[in-house]
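Here is the naming used below: chain letters follow the sequence lines, and residue numbers restart at 1 for every chain.
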Amino acid sequence: MKLFKLRGGVHPQGRKELASERAIRVLPMPDRLFIPLQQHVGAPAQPLVKVGDHVLKGQLIAASQGFISAPVHASTSGRIVAIGDYAAAHSSGLAAPTVTIASDGDDRWLETDSPSDPFSLSPEEIAARVGAAGIVGLGGATFPSAVKLSLSRKNNVRTLIINGGECEPYITCDDRLMRERASDIIEGVRLIRHAVGAVDVMVGIEENKPAALLAMRAAASGTEVKVIAVPAMYPMGWDKQMIRALTGCEVPADGRSADIGVLVHNVATAYAVHEAVRFGRPLVSRLVTVSGGAVAEPGNLVVPIGTLVETLFQYCGGFSEKPARLVLGGPMMGSELFSAAVPVVKGTSGVLALTAREIGSTQAAPCIRCSSCVRACPVGLLPLEMAAHIRAGNSNAAVSRGLKDCIACGCCSFVCPSHIPLVHYFNFAKGELMEQERGKLKLEATKKLADERMARTQRIEREREAAAAKRKAAREAKEAAAKLTQTITEAA
Amino acid sequence: MSEYLLLLLSTALVNNVVLVKFLGLCPFMGISKKMDTALSMGLATTFVITFTTAGSWLLEHWLLMPLGIEYLRILTYILVIAAVVQFTEMVIRKVSPPLYQVLGIYLPLITTNCAVLGLPLLNVQENNGFAVSLIGGFGSSVGFTLVLVLFAGMRERIALASVSPVFSGAPIAFITAGMLALAFMGFAGLVPH
Amino acid sequence: MITAMTSLTILGAILGLILGVAARVFRVEGNALVGELLDILPGSQCGQCGFPGCAGAAQALADGSAPVTLCPPGGRAVAIALAARLGVEADVSGVKDAVPMIAEVREELCIGCTRCFKVCPTDAIMGAAQQIHAVFREACTACGKCEAVCPTESVTLVPVSVTLHGWYWPKPV
């Protein structure tokens, strides 16, 4: 099949060989699981359990609230020992509401109903089951999948693209999943297609994963699913890049792929959909790559949601040397972790322990205006210009140069010969603008309150004056009447 | 006709009022931080200069010379300039309040922009005719606007650069202005003598 | 001498007449800017800027006699909005939200006197007589009026704690 030309992109050293040949292993159930209530984009889930409750694996422990939200399920059977703040898997190290479960060691599943033929279900029913299973985009975006399914159906999506790009260096979980669970993924893909009524179904896989391509092609033969090899380059796994490569269409700025009739899901999401619809199993575990030069035995593990990152490293033989940096996700877009005592969440595709050698120099030098970043940017922005404006304290000027379209892929920082932390500037500016936006919203809300209060106090004042005037008039009338009576009496 | 075109070109570029005659340096440094304000200031000044050169020529030849009261030249010119500036201010205030706010104190200060007074005085000195005065005034003010916008663009870029603390702010702006003036010297070769 | 005086007087009179007519033609009804600036300001009438209420502040801003960074409760968001409206460059780096604050009731000190509740310009304090009061975080503008009237120093302004939702990377150096 003809592929379309792409913009920008870089070719970082893959380093996937560390973990790509290690078969999937299942992590033994840890004693305690720390399950955050917000592992998705949107409103946090509302807890339904109390401390002391006994839960079964797959039992709903927090319900979704609002349109864009996802429920959370117990990752094993056990007792709820705490509901409160616990350090989140985030660079800030700040705490987030978390449910802590002490495992009872049985790992007993909740009885679930599973349809005899999932394809006999109506599209709405599939979307509902996906939503109830708490499935979110497992490629890292963690957008609730059910919302995407129902919106796509409404928008008449014609093309379904399954993203098997996995362009981040080190990360191999999707690769392994495609090699070992290809037929399950294909069934998940067909279920998604059934749910949205798409006509074309394409699975895009980077050509540096020949084994995965082979396995997926074998599983897809005889179905309507087309498996296509796409060039290996970063950020191939960015959904809009994948869309451009396979369809030649470009998603408009601040638009969604549904606007051009395309729906993109990750292969791991397709697998989770299969598990949820075929077996009624909610998303309680995911495949995580544990890798990096400092890890003794890198590998790909099936990890219950809520397992601490340090448990993963321990299971992989600990550290062979002292890691210089722990990273959640891939080295390009992942976030630095300052503590390994944070839980794995639905969006965690990998945890890396990198050595000082792997990180390299980070001393920034002045910009030499070589425009390498402009060539590397897959969105077609001018990173050097935007960063210069942000550095000068003018984030709004960066917005008019397309800051909001920046996907923080890190290509610009990667190619910069001066090691300028360009993406760091953009993340800072986005955070700052978000804060301003929140400030503005709050201001509008409080202004309304202030106006209402002003109107109320004025009305009360007016009413009091009116009442006083009325009383005065009544008193005067009475006095006048009294005087009149007196005069009459006197006259008489 | 070509003579007038040449006059326009010469006053705008070769004998640029700011960078060659060094008149009107105050708004040149003051209103050149942002491109759009620089353009507005340039346009306002263009309007004022064009009108005052015309007005002062008429006054010179119809009032001062016939009555023999040339010694009141500066006084009458300032009167005309002040009136035109006042008029411009009223119009801008009505048409664009934000621009009025931005130009702020520099708008009434167009009155004391030495280019505005200097150009009519030069016209008298060189005994120019009405058309030459008018076109010369207009050309000069176009040159003023051009240089102001160019300089504002450069300062916008400088604001992004990492300038050593010793030079940051006004010093680097003066150095840039000097270089811009040097570059404008190059236009001297445009018109063959 | 007479010629000079007469001609100048006539010239002045003519120019004055033109300007007088122009002033009528181009008259600006009030100052539309003040209204627009008032819309940007928080409207809590807290008086922290030193002007009597937000209307006074808007007037001062329109006159150019006050900097755009005058409003402490509005913080950076307001300073930026004002600067954009007035077309001036604001040194918002100096504002830095003066550490965002919020009112907090210390329950062990609150005597339920309802004074804070009565002065709050945004109805951000809930309470009744002899009941411990509470602050709605979303509605509080940290104007400090409650802190000023509290007889037991129970209401204090405290810095807003950073949440996971609001956290972002610091500016690279």
Open item on the list: Is any side-chain heavy atom of A:Met434 closer than 4.5 Å to one of C:Tyr168?
Closed with: no
- [ ] Identify the heavy atoms of A:Arg391 and C:Lys171 that sit nearest to each other, and give their distance.
- [x] O-NZ, 3.0 Å
- [ ] Nearest 0.5 Å please: distance from the CH2 atom of C:Trp167 over to the CD atom of A:Glu435.
- [x] 12.5 Å
Task: From A:Gln38 atom CD to C:His165 atom NE2, the distance as rounded to the nearest 0.5 Å - done: 7.5 Å
Task: Best-contacting candidate, A:Arg438, A:Lys448, A:Gln436, against chain C by heavy atom pairs under 4.5 angstrom - done: A:Arg438
- [ ] May I ask you to test the A:Arg453-C:Thr122 pair for a side-chain heavy-atom distance under 4.5 Å?
- [x] no
Task: When A:Met454, A:Lys442, A:Glu452 are compared by non-hydrogen pairs under 4.5 Å with chain C, the top option - done: A:Lys442
Open item on the list: More than 12 heavy atoms of other residues, nucleotides or ligands under 6.0 Å from CZ of A:Arg456: yes or no?
Closed with: yes
Task: Gap separating the CD atom of C:Glu138 from the CG atom of A:Leu441, nearest 0.5 angstrom - done: 12.0 Å
Task: Exceeds 12 heavy-atom contacts within 6.0 angstrom, atom CD of C:Glu153 - done: no
TODO: Pull out the residues in residues 407-427 of chain A that come under 4.5 Å of chain C, heavy atom to heavy atom, sorted by number.
DONE: A:Pro421, A:His424, A:Tyr425, A:Asn427
Task: Atom CD of C:Glu107: over 12 foreign heavy atoms under 6.0 Å - done: no
TODO: Using heavy atoms and a sub-4.5 Å threshold, report which of residues 87-98 of chain A line up against chain C, by residue number.
DONE: A:Ala88, A:His90, A:Ser91, A:Ser92, A:Leu94, A:Ala95, A:Ala96
Open item on the list: As an exercise, state the distance from NZ of A:Lys440 to CD1 of C:Ile40, rounded to the nearest 0.5 Å.
Closed with: 9.5 Å
Open item on the list: Quick one: does any side-chain atom of A:Lys447 pair with a main-chain N or O of C:Leu41 as donor and acceptor, under 3.5 Å?
Closed with: yes
Task: C:Asp123 CG to A:Thr446 OG1 distance, which is reported to the nearest 0.5 Å - done: 11.5 Å
Task: Toward chain A, the part of C:Cys120 with a non-hydrogen atom under 4.5 Å - done: backbone
TODO: Please state whether the side chain, the backbone, both or neither of A:Asn396 comes within less than 4.5 Å of a heavy atom of chain C.
DONE: side chain
